[in-house]
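First the structure, in the form of structure tokens, and then the observations on it.
Values below: every heavy atom of this structure, side chains too, minus hydrogens, waters and symmetry copies. Lettering follows sequence order; numbering is per chain, from 1.
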Amino acid sequence: MSPPSILTTLPHLHDHRLTQGIAILPSGAAADILGNRTINLTGTAFLGLAILAAGLARSGAALIAFRAAQGVAVAMCFPTAVGILSSAFPSGKVRNIAFGCLGLGTPLGFAAGILVGGGFETGGVGWRAGFYVVAGVTMGLFGVNCWALPREEREGKGMWKRLRAEVDWMGVCLSSFSMALLSYSLA
Amino acid sequence: MSGNPESLRDPSRLLLLVIALGTIPLFVVWMHVQAGRGKPALIPNSLWKNATFSAICMMVLLSWATLQSLEWFISLLSVFFPTPSSNPKVLTRS
């Protein structure tokens, strides 16, 4: 397999957006059943591992695949974070500030990533260092999440049965099929 | 297709696009069926009757569409309008 080059990976720059859009509906439905904290921790751990794997990727196809896996992981983290915030704060000014901080993360991370990534590239360290640093930060935040997120009471038995019965899997299949096929045929 | 719109005349590509567009009303019908049977529906059709929700969804859709497409277009401007300083020699480094 060829090492990742910009000409092969450029068409697949936004694949993680597609997988995020596909995964967000079933992960929200699963979080209703399994609890916000569980899905958030799963998503954060999966995100850290996927970023590390992307940094270690030896071929362009592997890099694209792990970027797509990151999209799935983000789809698990983000709606559950919104749910945890809305249950932790009553409606009012503090909750609005909390949601504002949540939305701050994306553009701040994007801008910081562009600056630091450019610094890594011109400093000769290479693009993999950016992935490794972010993977380390994500796993650290996973530890913080384990400690900080409030536990919620839920009945532990019958989870798989409820997951199978209470999530609309045919709707998940239809929506993911249509989104993936539409973006593939239009791009 | 966005790279080469004439490729849509190719029947296999056209079929793929038609199938993709056809699953969208199929999804709406399935939500109607699931709601009628009392089974869980992923995005129940009654949700769209809430004007606030629909308006916010449309705003988010349009704003993200413009942001993402402009981001892509602006990053490729140095290819569309090359100047001596924007010479893409950096693209050949692997």
CG on B:Leu21 to OG on A:Ser178, rounded to 0.5 Å: 9.0 Å
Heavy atoms of other groups near A:Arg151 CZ, more than 12 under 6.0 Å: no
Cluster link A:Phe131 to A:Ile64, ILVMFWY, side chain under 4.5 Å: no
For the student: nearest non-hydrogen atoms of B:Ala20 and A:Ser185, plus distance: CB-OG, 4.3 Å
Region of A:Ala180 that comes under 4.5 Å of a non-hydrogen atom in chain B: neither
Side chains of B:Glu71 and A:His14 in contact at under 4.5 Å (non-hydrogen atoms): yes
Interface moiety of B:Leu14 toward chain A, non-hydrogen atoms closer than 4.5 Å: neither
Where B:Met31 and A:Gly171 come nearest, the two heavy atoms and their spacing: CE-CA, 3.9 Å
Atom CZ of A:Phe110: over 12 foreign heavy atoms under 6.0 Å: no
Shortest non-hydrogen separation from B:Phe27 to A:Ser175 and the atoms involved: CE1-CB, 3.7 Å
Beyond-backbone contact of A:Leu181 with B:Thr23, side-chain heavy atoms, under 4.5 angstrom: no
Any side-chain heavy-atom pair of A:Leu174 and B:Leu42 under 4.5 Å: no
Residue A:Phe177 excluded, over 12 heavy atoms near CZ under 6.0 Å: no
Hydrophobic cluster identity match, B:Leu67 and B:Ile74, side-chain contacts under 4.5 Å: no
Joint hydrophobic cluster, A:Leu141 plus A:Leu108, side-chain heavy atoms closer than 4.5 Å: no
Spatial distance of atom CG (A:Leu182) from atom CG (B:Leu16) [nearest 0.5 Å]: 10.0 Å
Within one Ile-Leu-Val-Met-Phe-Trp-Tyr cluster: B:Val28 and B:Trp48, side-chain cutoff 4.5 Å: no
